[in-house]
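These notes concern the structure reproduced below.
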Amino acid sequence: MKMSKKIRPLLAGVAVLALGMNSLVASASTAKLQAGGTITVDLNETLAGFNVNTLNSNEFVLQEIMQLVWPTAYFVNNKLALTLNTDLVTKVAVATKPVETITYTINPKAAWSDGTPITADDFIYNWQSQSGNPAFTDLGGAAFQPAGSTGYSSIASVTGSNPAGGAACDPGLAANFNAGLCPNGNTVTVKFAAATPFADWQSLFGMIVPAHQARKVGWNTGFNINGGGDEKTLLSGSWYYVTSYNQAANTVVLKRNPTYWGAPGNLDSIVFAGSLDDTSGIPGIQSGTFNVFEPVSTSLAMIQQAKAAGTAISYNVQPGLQFEHFDFNQANAYLRQLKVRQAIAYGTNRHQLIALTVGQAAPSTQPLNNHMYMNTQPQYTNNGSVYNNVNVAKAKAFLKASKMKMGKDGYYHPTYGPEKGKDFTLRISSTTGNPIRSQTEQVFQFQMKKIGIKISILNYAAGDLFGTVIPNGRYDIAEFAWVSTPFATGNNSIYCSYTNKANCGSNWVHFKNAAEDKLLRQAAAAANPTLEATLYNAADKVLWSNMVTLPLYQKPVMTAWSSTYGNILPNASSVGVTWNAQNWGLK
């Protein structure tokens, strides 16, 4: 999900869902398009690396880039429906007995940009690196650090067969963990463990990392901006490849992949140009600095600017599969206490926060009372209504019960710990260059003063916040947005116990709960969507009772673009607007 935006780890969950709110669409594109040319997309977050499947680089904006570079088995289109990528996989067979088995037939023409065929080995490696199984390791024996393991951890085996041209199976290597698995096979057989079937198998094998390159440079850090990787050597297995990344300017340049075996990308190049302030987006389109703009947070001013531009700018606003929230770091000596977290929740006026920020652009926005589903999804259940209304008296009573005494200055003073005898102070951190978030933090600061908590604001560039600050627990309260697909199983690695580091790497709040773990496992293996939704809503109730994180609202998502370009179709899920960028072009 977005914040600066973070993707819910792994693309996994329930049936495809339609959004229930009307979209605001200013114009559409139907003109015949020219071949070639360049388009510039506003890149409003810094990057930590290029392997979007790793814990520290799992950013929304990076997915929008890398889904054009690394191949994906299934796409989520702008109607939130799944489509098989037949350029990569020509056929898929599904069997449920004796165990759930998925068989992929790889397109025999599929190859990486260095000429290496895409084979079963790429599927084997991408499974192993995201499985959470300690038997498989990265360079030097280091544990893999995937963004999440849901779905992959349910797989018992991935094997190849039927090598191209009738060749014999390569024996593989023990060092590569593919000995005896026919890694050069053109057919891939994925078997799930009998106890852990996975209904959302179509969510797996997205943005497949080239196995032969990753084994040389490393999964965890080999594709980092300042690590062992070099963006100019990134291999492509899709329409475009990365030609350069200017870190100072935060600009990524993609060029059409001349070795791509399928229909080529229409544009010669796609440039993701750095802009760390949402307010520059619409003026940037008008000046020609950008051609496509997708703000982190939508404001009324942006919509008014787009309207004023008339037919020169096309735009769309719709409820996204993403929600803004406050994370509470339970590694903090005070936030470790449930009553302190509950006090903050009771003191937070979400209606006021919305009215003073995104509510101006989307007046129908309401507080979100579910961690698993958005207000517009049919599975949504209002599980957090107890926090709909502010209760200052209760918040203060909870702080008093947490061994705090009110000081003469109106702030509580802890009677223990690092802030003993001092004003009880917590930091809130988010991404820089976001006026909506900045306003939210200031309103939150004002609200917390009313219940006796002092709030300091400390924001970071997105690459730093998500690359080092939050993953390393260097925060108290963090505000950002999770961006999801139509699948709910992407929640598992966020909310399962943080002590399970192999599978729950995105649990940055240091929450652990055996009941939650059980419900999440059961939901991921649910036999039907109805049972899955029931189990995820039960898991959501556990999160509310423990006040793990406070959802604020489902985010309205805006996409704006120059009307001189066509085939730009906004997508409310984690794939974003670039889901079909290979088809964009000048009118």
Side-chain angles (χ1 to χ4, degrees), residues 7-8 10-19 23 28-30 33 52-53 60 63-94 100 102-110 118 122-123 126 150-152 186-188 190 198-209 236-240 254 256-257 260-267 270 294 316 318 320-322 377 483-490 529 557 559 566-585:
I7 308 169
R8 287 208 200 205
L10 291 186
L11 313 178
V14 295
V16 175
L17 308 166
L19 295 177
S23 296
S29 172
T30 57
L33 304 181
V52 69
N53 298 308
F60 171 80
Q63 170 153 338
E64 290 194 304
I65 296 169
M66 295 308 295
Q67 65 192 2
L68 299 171
V69 177
W70 286 343
T72 291
Y74 280 88
F75 300 118
V76 178
N77 67 20
N78 62 316
K79 302 298 183 182
L80 304 185
L82 293 169
T83 303
L84 179 67
N85 177 10
T86 54
D87 283 356
L88 175 66
V89 176
T90 59
K91 184 173 62 175
V92 176
V94 181
E100 183 179 13
I102 315 298
T103 304
Y104 302 86
T105 300
I106 299 174
N107 189 328
K109 298 178 181 179
I118 296 176
D122 295 297
F123 285 74
N126 280 263
T150 305
Y152 293 103
N186 209 51
T187 299
V188 183
V190 177
F198 189 62
D200 301 327
W201 58 268
Q202 290 165 303
S203 66
L204 305 178
F205 300 108
M207 290 171 288
I208 295 173
V209 178
S236 172
S238 198
W239 300 283
Y240 292 89
L254 305 186
R256 186 191 292 122
N257 179 5
Y260 190 59
W261 61 95
N266 187 56
L267 290 163
I270 301 175
E294 202 172 21
N316 170 281
Q318 61 183 320
L321 291 183
Q322 53 183 273
Q377 293 180 291
V483 184
S484 188
T485 69
F487 305 108
T489 46
V557 178
T559 307
N567 274 348
I568 295 175
L569 302 172
N571 192 310
S573 76
S574 66
V575 298
V577 68
T578 67
W579 73 276
N580 73 327
Q582 72 278 6
N583 297 326
W584 293 356

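Bear in mind the structure is a predicted one, so any value in this text is a computation, not a measurement.
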Are side-chain heavy atoms of Thr103 and Val190 found at a separation under 4.5 Å?
no
Backbone N/O of Thr559 and side chain of Asn316: donor-acceptor pair under 3.5 Å
no
Indicate, with yes or no, if the rings of Tyr74 and Trp201 have centres closer together than 6.0 Å.
yes
Where do Pro71 and Gly237 come nearest, in terms of heavy atoms and distance?
CB-O, 3.5 Å
So which of Val89, Leu88, Thr187, Asn186 actually passes side-chain contact (heavy atoms from CB on, under 4.5 Å) with Tyr104?
Val89
Does Ile118 reach the side chain of Trp261, with side-chain heavy atoms less than 4.5 Å apart?
yes
Gln322 side chain to Ser574 backbone, donor-acceptor under 3.5 Å
no
When rounded to the nearest 0.5 Å, the distance separating CE of Met66 from CD1 of Ile208 is 12.5 Å
Nearest non-hydrogen partners of Gly265 and Arg256, listed with the distance:
O-NE, 2.7 Å
Worked verdict on Thr578 versus Ile65 for side chain to side chain contact (heavy atoms under 4.5 Å, CB included):
CA-CA 8 Å; Thr578 67; Ile65 296 169; over 6 Å; no
Are any side-chain N or O atoms of Asn266 and backbone N or O atoms of Trp584, one a donor and one an acceptor, separated by less than 3.5 Å?
yes
Do Thr72 and Trp579 have side chains that approach each other closer than 4.5 Å (heavy atoms only, starting at C-beta)?
no
Distance, nearest 0.5 Å, that separates CG of Leu33 from CG of Leu267:
8.5 Å
Is there a side-chain contact between Gln63 and Val575, using heavy atoms and a 4.5 Å cut-off?
yes
Could you tell me whether the side chain of Asn571 and the main chain of Asn77 form a donor-acceptor pair under 3.5 Å?
yes
Stepwise side chain to side chain contact (heavy atoms under 4.5 Å, CB included) check, Val76 with Leu82
CA-CA 5 Å; Val76 178; Leu82 293 169; 3.7 Å; yes
Which heavy atom of Pro570 sits nearest to which heavy atom of Asn78, and what is that distance?
O-CB, 3.3 Å
How about Glu294 and Phe60: do any of their side-chain heavy atoms sit closer than 4.5 Å?
yes
Rounded distance (nearest 0.5 Å) linking atom OG1 of Thr489 with atom CZ of Phe198
4.0 Å
Any chance you could measure Asn107, atom CG, to Asp87, atom CG, to the nearest 0.5 Å?
6.5 Å
Counting C-beta onward and ignoring hydrogens, is there a side-chain heavy-atom pair between Leu80 and Leu321 closer than 4.5 Å?
yes
Contact between Phe75 and Asn580 at the side-chain level, heavy atoms closer than 4.5 Å - yes or no?
no
With the side chain counted from C-beta on, respond yes when Ile270 and Tyr240 share a heavy-atom pair under 4.5 Å apart, and no when they do not.
yes
Ser238 (side chain) donor-acceptor with Trp70 (main chain) under 3.5 angstrom
no
After noting the C-alpha distance and the side-chain angles of Ile106 and Phe123, does the key distance pass the side chain to side chain contact (heavy atoms under 4.5 Å, CB included) rule?
CA-CA 10 Å; Ile106 299 174; Phe123 285 74; 3.8 Å; yes
First locate atom NZ of Lys91, then atom OG1 of Thr86, and finally report the distance between them rounded to the nearest 0.5 Å.
13.5 Å
How long is the span from the CD1 atom in Ile568 to the CG atom in Asn583, to the nearest 0.5 Å?
11.5 Å
